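Remember, it's 1-based here, ligands and their atoms both numbered in the order they're listed. Numbering starts at 1 and runs along the sequence shown. Remember, it's a predicted structure, so these values are computed and weren't measured experimentally.
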Amino acid sequence: MEKTARKVMDVLSGKTVSPPPVWLMRQAGRYLPEYRQTRQQAKGFLDLCYSPDLAVEVTMQPIRRYGFDAAILFSDILVIPDAMERNVRFVEGEGPQMDPISVEEIEALDVPDLALRLAPVFEAVSRLRRDLPGSTTLLGFCGAPWTIATYMIAGHGTPDQAPARLFAYRYPQAFERLLAVIAEASADYLIRQIDAGADAVQIFDSWAGVLGDEEFQRYAVQPVRRIVNTLRAARPSAKVIAFAKGAGANLRTYRRGVDADAIGLDWTLPLDFAAELQKDGAVQGNLDPLLMVAGGDALDSRVKRILDRLGNGPLIFNLGHGITPQADPENVTRLLAIIRGGSGENDG
Ligand code: CP3
């Protein structure tokens with residue numbers, strides 16, 4: 001079968017690679033003992049993100065252990081509101097918090113100077129591209145404007161992002177302005193990551209699934225389209241993976257709507273529907289992250305189903321959302337053995 005140095009990039013160009021390349025969302029994280037150890041060396045989570053030495057180290061950890069086909073920059077989507085001086089902090093056991101933004105503050109909000117504010121992130125990207133094996137794709141990323149806005153408005157995560165949905169109904173103009181400022185900053189952020197050495201980028205819209213039909217077009221599709229347009233105007237060969245978690249039937253028009261090279265699929269999406277989407281281009285996903293906790297026959301059979309159904313087209317194997325702290329590292333080894341099969345090939 002096809003044996004190329006940059007399997008993820010090939011899939012993003014629409015090719016079928018067998019076995020499919022694989023990486024896992026949140027592959028650097030608390031399920032790995034080496035991550036927990038490095039994490040203790042940083043004062044807080046943001047210090048970890050803004051220390052190039054530590055950020056490079058935790059990005060490399062899952063590559064060394066498993067030889068994934070892609071490394072994802074270790075950072076967080078909330079560095080954008082942090083650069084906007086929204087007082088972002090990660091409270092142990094409580095998740096991210098920041099100052100909730102008001103209509104007046106949105107009117108005064110500026111696009112931050114990222115070269116100044118996020119210099120350590122770009123430094124980490126360029127060191128990573130130098131240190132990684134040439135066969136490993138380096139992914140940069142950002143959050144989608146809608147998902148970032150949900151945290152900026154509520155000031156923390158909520159089960160259904162009701163504060164942002166209410167805000168959008170009540171103050172549509174201010175809300176559109178907030179999305180526009182985030183989109184402009186995010187496009188600049190992605191261009192700088194590509195220039196520092198990222199091979200491709202992923203846009204995470206983790207909260208796309210709580211939007212109504214009309215709101216999905218306005219708040220999930222249009223702002224991401226703006227980011228992709230700006231990125232492609234500046235760097236025409238840049239490849240983009242767009243992940244709108246929970247988007248369901250809206251994914252039928254999402255790829256063209258945002259102009260992505262690949263779309264991410266969560267684990268709730270029927271595989272028949274996923275196979276239809278794959279006729280238009282590459283897909284990424286979509287194993288339930290809890291199978292990295294459960295393991296056993298349930299894991300084996302679900303992986304094989306995905307390979308059977310989507311393995312004959314352009315596929316980047318991944319989970320349907322981030323791996324959880326409870327995952328057993330042995331189950332990741334098992335997952336890779338099933339995907340890579342007898343050859344056990346690991347050119348990372
Ligand atoms: O995938 C990777 O390995 C790269 C690193 C990465 C992190 N966050 C590290 C992280 C990426 C790509 C993200 C994206 C991110 N961050 C998203 C979108 C993807 C998704 O999971 O839906 C969102 C919504 C966030 C915001 C965020 N960051 C939350 C809600 C939390 C707390 C929840 C939790 O898991 O604790 C974080 C913290 C965070 N970001 C951790 C990691 C490894 C855990 C914090 C720690 O180690 O103390």
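Heavy-atom separations between Y35 and ligand 1 include at least one value shorter than 4.0 Å. Ligand 1 has L73 within reach: a non-hydrogen atom of the residue lies less than 4.0 Å from it. The closest approach between any non-hydrogen atom of S75 and ligand 1 is below 4.0 Å. At least one heavy atom of H321 sits less than 4.0 Å from an atom of ligand 1. Residue contact annotation: P96 has a non-hydrogen atom under 4.0 Å from ligand 1.
Taking every non-hydrogen atom of I72 and a distance limit under 4.0 Å, the qualifying atoms of ligand 1 come out as 1 (O), 2 (C), 3 (O), 4 (C). The ligand atoms of ligand 1 that sit less than 4.0 angstrom from a heavy atom of F90 are 28 (N), 37 (C), 38 (C). The atoms of ligand 1 that sit less than 4.0 Å from any heavy atom of S206 are 18 (C), 19 (C), 20 (C), 22 (O), 24 (C). Within ligand 1, counting atoms from 1 as listed, the ones closer than 4.0 Å to a heavy atom of A28 are 3 (O), 43 (C).
The closest donor-acceptor contact from the side chain of T150 to the backbone of T147 lies under 3.5 Å. Here the side chain of D199 pairs a donor or acceptor atom with the backbone of L138 at under 3.5 angstrom. Judged by distance alone, with hydrogens and angles left aside, the side-chain atoms of Q278 form a donor-acceptor pair with the main-chain N or O of L310 at under 3.5 Å.
Scanning F204, Y151, F45 for the heavy atom closest to atom 24 (C) of ligand 1 points to Y151. The closest heavy-atom contact to atom 28 (N) of ligand 1, among the options D76, T150, I148, L24, comes from D76. Evaluated by nearest non-hydrogen atom to atom 2 (C) of ligand 1, the leading choice among R26, R39, Q202, M25 is R26.
Within the 6.0 Å centre-distance limit, the rings of Y171 and F167 are counted as a close aromatic pair. If you look at F74 and F45, their ring centroids are closer than 6.0 Å.
Ranking the protein heavy atoms by distance from atom 36 (O) of ligand 1 puts R30 NH2, 2.8 Å first. Atom 25 (C) of ligand 1 has its closest protein heavy atom at I77 CG1, 3.6 Å. Taking atom 11 (C) of ligand 1 as the reference point, the nearest protein heavy-atom neighbour is F141 CZ, 3.7 Å.
Every residue two or more places apart in sequence or in another chain that forms a side-chain contact (heavy atoms from CB on, under 4.5 Å) with A180 is listed here: R226.
At least one side-chain heavy atom of V303 sits less than 4.5 Å from a side-chain heavy atom of F317. At least one side-chain heavy atom of W23 sits less than 4.5 Å from a side-chain heavy atom of Q284.
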**Prompt:** Going through the distances and angles, do T158 and Q161 end up as a side chain to side chain donor-acceptor pair (under 3.5 Å)?
**Reply:** CA-CA 5 Å; T158 73; Q161 306 299 24; 2.7 Å; yes

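Counting side-chain heavy-atom gaps under 4.5 Å among Ile, Leu, Val, Met, Phe, Trp and Tyr, Y169 is found in no cluster with other residues.
For atom 39 (C) of ligand 1, a protein non-hydrogen atom is found at a distance below 4.0 Å.
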